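Every heavy atom of this structure was used, including side-chain atoms; hydrogens, water molecules and symmetry mates were not. Letters A, B, ... mirror the listed sequences (proteins, then strands); counts begin at 1. Quantities reported herein were computed from a predicted structural model and do not represent experimental measurements.
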Amino acid sequence: MKTKKIIIDPITRVEGHGKVTIKIDENGKVTNAYLHIVEFRGFEKFIQGHPYWEAPVLVQRLCGICPVSHHLAAAKAIDQLVGVDPENLSPAATKLRRLLHYGQVFQSHALHFFYLASPDLLFGINAPAEKRNIVAVAEANRELAKKGILMRKFGQEIIKAIAGKKIHGIMATPGGVQKTFTKNKRSYFLDGTQIPNIDTMIEWSQEIIDFIKSYHAKNSNWINHFAAYPSNHLSLVNKENGALEFYDGRLRSIDFAGNELLNIEDIEYKYHFKEAVEPWSYLKFPYMLKYGRENGWNRVGPLARLNTCAFIPTPLAEAERIIFKQQSNNSVNNMTMHTHWARLIEMLHCAELMKELLLDDELLSDDLIREGISRNRGIGIIEAPRGTLIHEYHTDNQGIITKCNLIVSTTHNNEAMNKAVRQVAENILTDVPEITEPMLNQIEIAIRAYDPCLSCATHALGEMPLIVEIEDNNGNLIDKKIR
Amino acid sequence: METLLTKKLDKTLIIGIGNNTRQDDGLGWCFLDALEKEGYNTDNLLYKYQLMVEDAETISYYDTVIFVDASKDNLKNGFSIEPLKASSKFEFTTHSVPPNQILNLCETVYHKTPKAFVIKIEGFKWNYKILLSKQAKLNLKKALLSFKKLSK
C-alpha cells in the first residue's frame, strides 16, 4: 500500500472556507491530520489609522453571521477609551446591549442547529451527501424547518429593532447606545400578532431540547464517544456568583477534571494568553502562558460555558443544565457532540433572558450615554455564540487606533478542532479497504460541532467546490471526488 | 417579466443583493436607491448583503420576487433580466444562499411559488470603496431603463 494524502476542501456546512489534509502511511495508518484555515485576515492591520469611534462599525464587517458580537466587543473596548467601564454604563444602555446580544446568540444558535447540524442528526452520518441539507430536512420534517426559520427570524428581528438593521446595524456608541427602545417595538415581540412571541420562542426552545434528549437516548453510544477527548474549557462567568454569563464577567478556565486553571479579570487577559502560529494555517493557536502551548489551550463555546459556569440564572435553562450535567456524572463534560445539546440549552436561556428584558421598563429609559476621562487602551471581551471573543485597541492622543488585537472564538477552538480531526481520522480511516464519502463527512461532523466561523477568524476570499483528492507518497493523484 | 409593475409594487418584492463598500458589488443596492428616488414603494425594496435561509419565509408572502445583483459575467448590453427556477442543488455553506435555492426552500417549507426573476448587472471593480465604476454606472442606467419600461 502506498502512502496517501486525503484533502477535504472546502469543509461543508460551516461558515467560511477551510480544508482538511489527512496523511496515511504505507501500512494504512493515519500519521497526521490537519485543519487548515486557508483564508487570510487583515482586519487587525486594516483598522489601524482609523479613529477609535469607527471601530465598532468597521469590525462588524468581519462577519455577516455574527456582526453583533464584534460590534459589542469593540463597543466595550471603546467605552474604556472614553473612560467608561462596564459597571459605569447606564442601566438602560447595558440592558439594550444585552438584549441585542441575546438576540444575536439566539439566532446564531438556531441557524447552526437547524441548518448546519440537524441534517447529520436527522439522517445519520451515512446519509448520501445530496440529502444532507436544509431542503431535505424540510421535506422530512416541515414543522421543524419552519420553527427553525421563525426562531432565527425572531433573533434577527430583535437585532433589527435595536440596531436598525439585521446585519451590520449600529447601536452602540462610545459610553452607551444611540437610541432607546419603544413601547411599539416591545409589543411586537410580546403580543404575537405579527410574529410568534417570546413565550412561543421559549416553548419551541424547550421542544428542541426534548428532541436532542430523545436523540441522545437513541444514539448515546455515538454521541457520547464521537470525537470526545479531555480538554481545558474557557469562558466568561458572572463576576459575583460564577453563573453563565454572555456579556461581561471574569475569565475562568478549568481542566478536563474541573480543576481551576484561571480565574481573572477579563482585562488581564493579555498577561495570561499567548498566540502561537503554524506555517500551514492562517489561524493562530491561543494558549495560557502558565501552562504552555502543549497543555494551555482551551475549548470555548456552549460546551465550555456549561462546564465553567456554576449555574444558569434562569429557571428553565437551569433545570435543563442539571439534566445535562448528569450525562457526565456531574463532572466536566468533554463529549464534543454534547456541544449541540449545550447550544440548545443556551438558546432557551437567551429566550428567557430576552423575555425578562422585554418586560423591563428600563429599556424605555432615555438615560443612554455616560462620559469619563479618556484612556489610550481598551479591552472588550464577550461570549459570542461560538465562544470567548476578545477585542483590544490602543490609540494615540488624537484618538487614532495604533494597535488592534482580536482573538475570535474560532481561534480559541483551533487546537480543539485539530485534535478532533486527528482523532476521528485515526478512528475511522485506519486500515479500511476503501475510504468512502460518509467517512469523510465524519471528519466534518467533528469540526461542525464547534460551529466554526472561518471567515470571522480570518477573512473570506473566493469560492471553492468540495474536492477530495487522494495522492500517493510522491504527490501523484490516485483518486479524486468532487461534491 | 410578463406583468407590468406599478410603483406601489403590490405583492412584489425587489431584493437588492450586494455590498456598497465593495464598489460594483453595490449595484443591487444602487438599483434599489434609484427606484426609491423614482417613487417606488420602499416597503417592498429589501437590501441584503447576502440571502439567508429565512428569506424563504420573507418571499413566501409575495406573488412576485425580483432579485437584483451584480455579476462578474460578461453580459450582452451589460445586464440581463431572466426568469428564475427553483434549484435543489445546495452549496457547502449557509453564509450565503443563491436565489434559486431560496425559491426551492420557499416551495418546500411554505408550499408557495412566487414568480421570480433575476436582474444581473455587470460590474467591473470590487475594491474597498463606496463608488461604482463608470462602466457599472452605465450598465445600471440601462438596466433601470429596461426595468422601468415594464412599469406603469
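- Looking at B/Y110, the atoms closer than 4.5 Å to chain A (heavy atoms on both sides) sit in the backbone and in the side chain alike.
- Between B/H111 and A/R142, the closest side-chain pair of non-hydrogen atoms falls below 4.5 Å.
- Taking 4.5 Å as the limit, some side-chain heavy atom of B/M52 sits within range of a side-chain heavy atom of A/R152.
- Taking CE of A/M151 as the start and CD of B/E54 as the end, the distance is 13.5 Å to the nearest 0.5 Å.
- Closest of all the heavy-atom pairs between B/V53 and A/I149 is O-CD1, 4.2 Å.
- Distance check, rounded to the nearest 0.5 Å: CG of B/D55 to NZ of A/K153 gives 10.0 Å.
- Under a cut-off of 6.0 angstrom, the local environment of NZ in B/K142 is crowded, with over 12 non-hydrogen atoms contributed by other residues, nucleotides or ligands.
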